[in-house]
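These notes are about the structure you will find just below.
Residue indices begin at 1 and follow the sequence shown. The figures here come from the full heavy-atom set of this structure, side chains too, leaving out hydrogens, waters and symmetry mates. Bear in mind the structure is a predicted one, so any value in this text is a computation, not a measurement.
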Amino acid sequence: MRSARIVVALVAALSVAACTGLAREPAAGPVPSAAALPAGWRWESYGGIEVGVPAEFGYDNGSQRLGQWCVGQRRADAGSPPVVGRPGLATAAGCPESVDIDDTGPLVSLERALDEPADGVTRRGDRTTVRLRGVAVVVQVGAELRGRIAGTVRVVDGVDHHGCPVRHPITEHPGYRPVRAPAEDAVTSVSACRYPLVAGESIISSLRLDGAAAQRAWAAVRVEPVGGGPDEPQNCAPEASYGDEVVVLLAAGGEVVLRYSGCDHRGFDDGRTVRRLGVTTAKLFLTGANTVFAGAGVALLPGE
C-alpha cells in the first residue's frame, strides 16, 4: 500500500476533453529567451514545457481546481486569487467540466495531455489549452491575459530556467544515489528539481535558492542527524517504498536526493551519507512551485 500521507496523482483528476468540430491551431512555438517575458513575469516548468505567468500568481492543486470546482464556495464568490496548478491528489465529488472562470477561479494548469496527444491550441469559454509534446497547458484567466500567457508556452530541451534537467535517471531507478556530493563550502545556489518516480516521465516542477538563502538551506541540511528516516517500512510493499516522487538538489557540482513520499528510504542522501528528513528543512525545498498538494490543502510530510 502506498503511503497515505503524501501521494502525487501523476494523472490529473480531470483531463481536458476535445470537442468535435473545434477549430484547431498549431501549438505555440518556443519563446527565444527569458527576456521575452514581460517585466514582472516568471517561468513555470513541467514535463519539458515552460509557460510564463505574472509574478503575483500563487500555487494550488490543479486537479482540485479544475476537476473539483463544485466543492466548497464558488471561486467567484470567494475572490479566488490567480494560481499555477499541477496534478495532485484530489477529492472525488464528480464535478462536471467547467470552462467558466467564475467556477474555477483564474488559473494556469500544467498536466499531461491524455485525451488528445496531438499538438495544438483549442479555445472554449474562458479557457485556452495549448498542447505541446504530451503536455496540456490550460489557461483559464481573463481574456486579455489569456492570450498573453498562452503565447509564452515553449519547449525546453536539456535544462529548465532553474538549471534543472528535464529528465533525470532517478525516474527510471528510484534507488538512485548521487555520484558526487556538493562541495560543502562552495554552495552559492541550490536548484531543487522535483521528479515523478515513473519510468519515462520528466520534471514536475523546480525552484532555485541563491546567495544567503541557498547557504542557509544547505547549512540546515548539513546539521540534520545522520541515519535517515523517519521510516515506516511496514506500511507499504517494498516495490512502493520509495514513494511517488522525489526532489534532487543540485549545488556546487554535486547532488543530494531528498526522499519524502514513500514509507521507507526517507531523508537527504548525498551518495555518501543519508541524513534525517527534518520537516522544517525539507519545506525549504518543498515550497512555491514544489509544493505538494492533497485535496484542498498542502500534503503532510512524515513527522507532521
Side-chain angles (χ1 to χ4, degrees), residues 1-8 10 162-165 167-199 201 203-209 213-288 290-292 298-304:
M1 179 181 69
R2 290 180 182 266
S3 168
R5 305 208 66 170
I6 180 167
V7 180
V8 170
L10 297 177
H162 283 140
C164 289
R167 298 189 179 276
H168 192 282
I170 202 165
T171 61
E172 306 279 343
H173 307 285
Y176 171 93
R177 300 195 71 191
V179 174
R180 184 180 298 105
E184 294 186 13
D185 298 325
V187 173
T188 58
S189 66
V190 179
S191 295
C193 317
R194 183 173 159 221
Y195 299 98
L197 294 178
V198 178
E201 290 292 337
I203 194 164
I204 299 172
S205 59
S206 66
L207 62 81
R208 181 182 170 100
L209 303 175
Q215 292 164 356
R216 286 192 298 268
W218 177 242
V221 172
R222 297 301 301 163
V223 299
E224 292 291 349
V226 173
D231 293 327
E232 302 167 295
Q234 71 279 5
N235 287 346
C236 68
E239 60 271 18
S241 61
Y242 285 97
D244 302 285
E245 66 171 61
V246 71
V247 167
V248 178
L249 306 177
L250 307 179
E255 294 181 331
V256 175
V257 176
L258 167 54
R259 292 189 171 94
Y260 51 89
S261 69
C263 68
D264 204 357
H265 317 290
R266 296 167 179 163
F268 294 90
D269 181 6
D270 67 8
R272 301 175 303 185
T273 304
V274 181
R275 296 183 179 274
R276 188 171 181 83
L277 179 71
V279 170
T280 300
T281 304
K283 284 187 173 182
L284 296 173
F285 309 105
L286 293 170
T287 187
N290 283 354
T291 302
V292 183
V298 177
L300 296 177
L301 288 170
E304 287 193 287

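From D269, atom CG reaches atom CG of L277 across 12.5 Å, with rounding to the nearest 0.5 Å. If you take CZ on R216 and CG on L284, they are separated by 9.5 Å, rounding to the nearest 0.5 Å. Put simply, CD on E201 and CD on E245 are 12.5 Å apart, with the number rounded to the nearest 0.5 Å. The CG atom of L197 sits 12.0 Å away from atom NE2 of H173, with the distance rounded to the nearest 0.5 Å. Distance CZ/R194 to CG/L207: 10.0 Å, rounded to 0.5 Å.
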Please determine whether side-chain contact (heavy atoms from CB on, under 4.5 Å) holds for the pair I204 and N290, giving the CA-CA distance in whole Å, both sets of side-chain angles, and the decisive distance to 0.1 Å. CA-CA 8 Å; I204 299 172; N290 283 354; over 6 Å; no
Does the pair D270 and R222 meet the rule for a side-chain contact (heavy atoms from CB on, under 4.5 Å), with working shown? CA-CA 10 Å; D270 67 8; R222 297 301 301 163; 3.6 Å; yes
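Here the side chains of R177 and V274 are in contact, with some heavy-atom distance below 4.5 Å. In this structure, the side chains of Y260 and V247 come closer than 4.5 Å at one or more pairs of heavy atoms. Within the 4.5 Å cutoff, the side chain of W218 has no heavy atoms near those of the L209 side chain. Contact check for P178 versus V257: side-chain heavy atoms found under the 4.5 Å cut-off. Looking only at side-chain heavy atoms (C-beta outward), V248 and Y176 stay at 4.5 Å or farther from each other. When side chains are defined from C-beta on, P165 does not count as touching I203, because their heavy atoms never get closer than 4.5 Å.
Of all heavy-atom pairs between R180 and G253, the closest is CD-O, 3.2 Å. For the pair D244 and S261, the tightest heavy-atom approach, listed with the atom from each and the gap, is N-OG, 3.0 Å. Minimum interatomic distance between A214 and V190 (heavy atoms only, all atoms of both residues): CB-N, 3.9 Å. A pairwise comparison of heavy atoms in R272 and A181 identifies NH2-CB, 3.4 Å as the closest pair. A pairwise comparison of heavy atoms in S189 and A251 identifies O-CB, 3.5 Å as the closest pair.
A salt bridge does not link D231 with R259: none of the charged nitrogens is closer than 4.0 Å to a carboxylate oxygen.
Side-chain atoms of S191 do not come within 3.5 Å of backbone N or O of L250 as any donor-acceptor pair. With hydrogens and angles ignored, the 3.5 Å screen pairs a side-chain donor or acceptor of T171 with a backbone N or O of H168. When atom types are taken as modelled, the side chain of R266 and the backbone of G262 share a donor-acceptor pair closer than 3.5 angstrom. Side chain of D264 to main chain of S241: no donor-acceptor pair is present (N/O by atom type, distance under 3.5 Å, no hydrogens or angles). At least one donor-acceptor pair under 3.5 Å links the side chain of R275 to the backbone N or O of E224.
Taking the six-membered ring for Trp and thresholds of 30 and 60 degrees, H265 and Y242 have nearly parallel ring planes, at less than 30 degrees apart.
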